[in-house]
Amino acid sequence: AGHGVETVCSDLSDVQVKAEPLHLKYGVRNLITYEDIDASNIPYDNHFDLIVFKSILGGIGQGGNIEIQNKVIQEIHKALKPGGKLLFAENLVASPLHRTLRQKYIRWANYWRYVTMDEMREFLREFSQVELHSTGVLATFGRTESQRNMLAGMDRIILNKIVPAEWKYVGYGMAAK
């Protein structure tokens, strides 16, 4: 919407209540429609040029439900026009240290189903083109924005180059239908 494109903003409930104040602040409300959409049953076929999501699969897969996570990606594929693109960022299983600290300090860690890079590759198998990357080792441990930025710099300069992809905490990329 910030680039003058008609946009659908979706969630399962109260999407307009949650998002509209931000859209009004940036002057893009007139280009946005709000819809409560179940990601496992998207009511569109070959409709969107672009779908973007951040950190939805973990919550959708709560209770260990990998099948619903896969179904969501297949529904997104169905909803995209031929040549349409998916841009995404998703929380990964990450390193043993990340997993231990999540269990201790993150209240939703017990039900969230973090994905692996291999699972993301499998979920995206129907797409004609896939770019999948991972990032982040230390930045998640920052408690303030300035701390996270400093730690992210260390990730970029050093740790992202030497830590295995599976031990990073964010998977991101693009997939084209």
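- Scanning for side chain to side chain contact (heavy atoms under 4.5 Å, CB included) contacts around Ile51 gives Phe48, Ile76, Ala79, Leu80, Leu86, with sequence neighbours left out.
- Checked by atom type, the side-chain pair Ser40/Asp38 shows a donor-acceptor distance below 3.5 Å.
- Taking 4.5 Å as the limit, some side-chain heavy atom of Ile66 sits within range of a side-chain heavy atom of Phe123.
- Within the structure, salt bridge (Lys or Arg N to Asp or Glu O under 4.0 Å) pairs that include any residue of residues 126-145 comprise Glu145-Arg148 (at least two apart or interchain).
- Between the side chains of Arg102 and Asn91, no donor-acceptor pair is found at a separation under 3.5 Å.
- In this structure, Gln103 places its CD atom where more than 12 heavy-atom neighbours from other residues, nucleotides or ligands lie under 6.0 Å away.
- Using a 4.5 Å heavy-atom threshold, the side chains of Asn65 and Arg113 count as separate.
- Applying the salt bridge (Lys or Arg N to Asp or Glu O under 4.0 Å) rule to pairs touching residues 49-71 yields Asp49-Lys81, Lys71-Glu75, sequence neighbours excluded.
- Across all their heavy atoms, Lys78 and Ile42 have their closest contact at NZ-O, 2.6 Å.
- Listed by chain and residue number, nothing satisfies the ring pair (Phe, Tyr, Trp, His ring centres under 6.0 Å) test with Tyr111 (two or more places apart in sequence, or in another chain).
- The shortest side-chain heavy-atom distance between Asn46 and Pro82 falls under the 4.5 Å cut-off.
- The list of side chain to side chain donor-acceptor pair (under 3.5 Å) pairs with a residue in residues 164-175, not counting sequence neighbours, is empty.
- Applying the salt bridge (Lys or Arg N to Asp or Glu O under 4.0 Å) test to residues at least two apart or on different chains, the pairs with a partner in residues 15-24 are Asp11-Lys18, Glu20-Arg29.
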